[in-house]
Amino acid sequence: MTSLSVETLAAGAVEPITSAGNAQLGIAVLAGIAVIVLLITKFKLHAFLALTIGSLALGAFAGAPLDKTITSFSTGLGNTVAGVGVLIALGAILGKLLADSGGADQIVDTILARASGRAMPWAMVLIASVIGLPLFFEVGIVLLIPVVLLVAKRGNYSLMRIGIPALAGLSVMHGLIPPHPGPLVAIDAIGANLGITLGLGVLVAIPTVIIAGPVFSKYAARWVDIPAPERMIPQRPSEDLERRPGFGATVATVMLPVVLMLAKALVDLVVDDPENAVQRVTDVIGSPLIALLAAVLVGLFTLGRAAGFTKDRLSSTVEKSLAPIAGVLMIVGAGGGFKQTLIDVGVGRMILDFSEDWAIPTLLLAWLIAVAIRLATGSATVATISAAGLVAPLAADMSASHAALLVLAVGAGSLFFSHVNDAGFWLVKEYFGMDVGQTIKTWSVMETIISVVSLGFVLLLSLVL
């Protein structure tokens, strides 16, 4: 949904599809979210189906006609997939190229060769943050865990001292930095500027990942002192390759879309003249679609061809990168449908009234809503999508920087206390060979630190911007 439509709705220019009062709408929202939570947690239904059914339930509880509820959901799904679907696909292609070409391994090996002793946790958080930019969280874990286990074993390091920084780097990128699905959808829903959100996200991410990674890992290593499980050390992707792309070319390729988008944001802030030739050029090359497309096209040569891939191998790599994201795209799309249904039944106005009556700071309210949905569903992406839809009307009168901070507040809340209803919880537990209690004391606490610390920095930035 565009910022224009959000502003229009917030101003009351668009009639909601139901005449329900705030009390009924509040009950409808809780009931709709409860349906989603119940279907995901108890009945183990796929999040796409749960969000679809939850959206219909929301409309029914709010007293909206079924046909209008279906139209709202379909419109939201279509707009969301149109807005971010291509970006997610391009990010997946770039991530697959990075993994299959051995580029990710090249980054890891180059940094680790120059780090030792006390510098190792800092090296791990740097590796995870760079690799985590274009990769989905689960893919990043699969790529980095073998490295974490090998480094811990060969260097006789505590597994938590090495593992927590790597996990923190991946998690912060996943929750706060586009082009990951959650931040992209929140930016689209709230109508924030992607370049500004990216820039502020990096400012928040750097101190957050330091505190939750290398600093917290000292304590995590004391609480849970376990060796690296031998059975979990798999083969690395590049072991079957004759050659790998160079370190400089790999890093340049990964950072290219980030640099282009940040350049656009900087020029927009400094020039602020739509007729200026420089701004017009940066508006094109710094748009998310062009920036990511450029990185993919460059990556075909700097990553794929540099690894010796034939044209057929490159085509196969691109094809294989798209299949795994079908589920992600449908969840994101259904989340957009749920968001649009929330807005169209009048929840936007209800949230505006609520925030005025209770005098809760907007950024804190956004964080709390995302925290509640995260704890209930276990999904950071579902929490981000749903919370962004609920607080989107609050961004109508915000400056570009504060709208970006609203996105980051939602992202921060979506990472709060991962526990047994989160797939990431079990992924970390099994890879690291921990029991449930140990996973809570390390991974869950780390996620909570990321959430709270990043909110703190978002609030600090809101005071100076």
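For the numbers below, each heavy atom of this structure counts, side chains included, while hydrogens, waters and symmetry mates do not.
Every side chain to side chain contact (heavy atoms under 4.5 Å, CB included) that Leu45 has, sequence neighbours left out, goes to Leu39, Leu49, Ile53. For the side chain to side chain donor-acceptor pair (under 3.5 Å) test, no residue two or more places apart in sequence or in another chain qualifies with Thr52. Evaluation of the side chain to side chain contact (heavy atoms under 4.5 Å, CB included) rule for Leu126 yields Ile111, Val130 as partners, not counting sequence neighbours. Partners of Lys96 by salt bridge (Lys or Arg N to Asp or Glu O under 4.0 Å), not counting sequence neighbours, listed by chain and number: Asp100. For Thr442, there are no side chain to side chain donor-acceptor pair (under 3.5 Å) partners, not counting sequence neighbours.
Contacts classified as ring-ring contact (aromatic ring centres under 6.0 Å, His included) and involving residues 165-219 (residues at least two apart or in different chains) are given here: Phe137-His174, His174-His180, Phe216-Trp223. Counting only residues at least two apart or in different chains, salt bridge (Lys or Arg N to Asp or Glu O under 4.0 Å) contacts with residues 71-85 are absent. Annotation: salt bridge (Lys or Arg N to Asp or Glu O under 4.0 Å) contacts involving residues 433-442, sequence neighbours excluded, are absent. Listed by first and then second residue, the salt bridge (Lys or Arg N to Asp or Glu O under 4.0 Å) pairs involving residues 164-176 amount to none (not counting sequence neighbours).
Remark: the backbone N or O of Phe61 is paired with a side-chain donor or acceptor of Gln24 at under 3.5 angstrom. Remark: side-chain polar atoms of His402 are paired, donor with acceptor, to backbone N or O of Leu465 under 3.5 angstrom. With hydrogens and angles ignored, the 3.5 Å screen pairs a side-chain donor or acceptor of Ser451 with a backbone N or O of Ala412. Distance alone, capped at 3.5 Å, is enough to place a donor-acceptor pair between the Ser444 side chain and the Ser418 backbone. A distance-only check finds a donor-acceptor pair linking the side chain of Ser321 to the backbone of Val318 [under 3.5 Å]. Panel note: side chain Ser171, backbone Ala168; no donor-acceptor pair is recorded below 3.5 Å.
A distance below 6.0 Å separates the ring centres of Trp367 and Phe416.
Contact between Leu77 and Phe48 at its shortest, heavy atoms only, is CD1-CE1, 4.3 Å. Contact detail for Lys320 and Pro324: the closest heavy-atom pair is O-CD, 3.0 Å. Closest of all the heavy-atom pairs between Gly346 and Leu25 is O-CD1, 3.6 Å. The shortest non-hydrogen separation linking Ala128 to Leu170 is O-CD2, 3.8 Å. Pairing each heavy atom of Gly59 with each of Thr69, the nearest pair is CA-OG1, 3.7 Å.
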Please output the side-chain donor-acceptor pairs of residues 82-89 that fall under 3.5 Å, not counting sequence neighbours, one pair per line with the distance.
none

Give every donor-acceptor pair under 3.5 Å between a side-chain atom in residues 382-389 and any protein atom, sequence neighbours left out.
from: Thr384; atom 1: OG1; to: Ala380; atom 2: O; distance (Å): 2.8
from: Thr384; atom 1: OG1; to: Ser414; atom 2: OG; distance (Å): 3.2
from: Ser386; atom 1: OG; to: Val382; atom 2: O; distance (Å): 3.0

Atom pairs and distances, donor-acceptor, side-chain atoms in residues 192-208, under 3.5 Å, two or more places apart:
from: Asn193; atom 1: OD1; to: Gly195; atom 2: N; distance (Å): 2.9
from: Asn193; atom 1: OD1; to: Ile196; atom 2: N; distance (Å): 2.9
from: Thr197; atom 1: OG1; to: Asn193; atom 2: O; distance (Å): 2.7
from: Thr208; atom 1: OG1; to: Val204; atom 2: O; distance (Å): 2.7

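Defined by atom type and a distance below 3.5 Å, a donor-acceptor pair is present between the side-chain atoms of Gln279 and Asp268.
Taking 4.0 Å as the cut-off between side-chain N and carboxylate O, Lys264 and Asp283 count as a salt-bridged pair.
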